Amino acid sequence: MPTRKTQNPQQPPTGPSTPDAGDAVVLERRAQRVQPPRMFQVVMLNDDYTPMEFVVVVLQEFFNKDREAATQIMLKIHLDGKGICGVYSQDVAATKVTQVMDAARHAGHPLQCESEPVE
Ligand code: TYC
């Protein structure tokens, strides 16, 4: 019997293999089926009572906007009736909504916001 150097059992045999070696692996190509996660936008609604300054502070605190960006978003909501504060995964968007609603309720303001799937 011909001698052969012992190989590490973890490693496949190295070197060229012949078509009839019985070790060929054919991988079937399949279309990628995993979809990117749905994203959710947090939408804030206008009302007649919540102070503008409170909305600006909320946008800075919970949506990481600088004062300039927060003011622009607040004014857009004030003029258009609603506006997007940010886009997040479903869980993060739900958390943001809860944080905003809790802060508004605690301060006695009727500010409303909600999350909705993008597109
Ligand atoms: N309309 C409010 C006011 O005039 C300001 C406001 C802006 C309230 C945005 C809510 O989401 C809001 N005091």
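Worth saying up front: this structure is predicted, and the values here are computed from it rather than measured. Just so you know, ligand 1 is whichever comes first in the structure, and atom 1 is the first atom listed for that ligand.
- Between K65 atom NZ and T71 atom OG1 the span is 12.5 Å, to the nearest 0.5 Å.
- Annotation for ligand 1: atoms under 4.0 Å from non-hydrogen atoms of T50 are 2 (C), 3 (C), 5 (C), 6 (C), 8 (C), 13 (N).
- Each of the following atoms of ligand 1 lies closer than 4.0 Å to a heavy atom of I77: 9 (C), 11 (O), 12 (C).
- Atom CG of N64 and atom SG of C85 lie 12.0 Å apart (nearest 0.5 Å).
- Those atoms of ligand 1 with a heavy atom of M44 less than 4.0 angstrom away are 11 (O).
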Given side chain to side chain contact (heavy atoms under 4.5 Å, CB included), test V118 with R38 step by step and report yes or no. CA-CA 7 Å; V118 175; R38 267 190 316 165; over 6 Å; no
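- Counting atoms of ligand 1 from 1 in the listed order, those under 4.0 Å from a heavy atom of D47 are 1 (N), 2 (C), 8 (C), 10 (C).
- Annotation: the span from Y88 atom OH to K96 atom NZ amounts to 4.5 Å, rounded to 0.5 Å.
- Taking only nitrogen or oxygen atoms, main chain and side chain alike, N46 reaches within less than 3.5 Å of ligand 1.
- A103 and F54 make their closest contact through O-CZ, 3.7 Å (heavy atoms, listed as atom of the first residue, atom of the second, distance).
- Screening N46, I84, T50 for a side chain to side chain contact (heavy atoms under 4.5 Å, CB included) involving I77 leaves a single residue, N46.
- In this structure, R67 CZ and M74 CE are separated by 8.5 Å, a value rounded to the nearest 0.5 Å.
- Residue-to-ligand polar distances place L45 within reach of ligand 1: an N/O pair is separated by less than 3.5 Å.
- Contact annotation: for L111 versus ligand 1, heavy atoms closer than 4.0 Å belong to the side chain alone.
- Scanning the protein for heavy atoms near atom 4 (O) of ligand 1, the closest one is H78 CE1, 3.1 Å.
- Taking any N or O of Y49, backbone or side chain, none lies under 3.5 Å from an N or O belonging to ligand 1.
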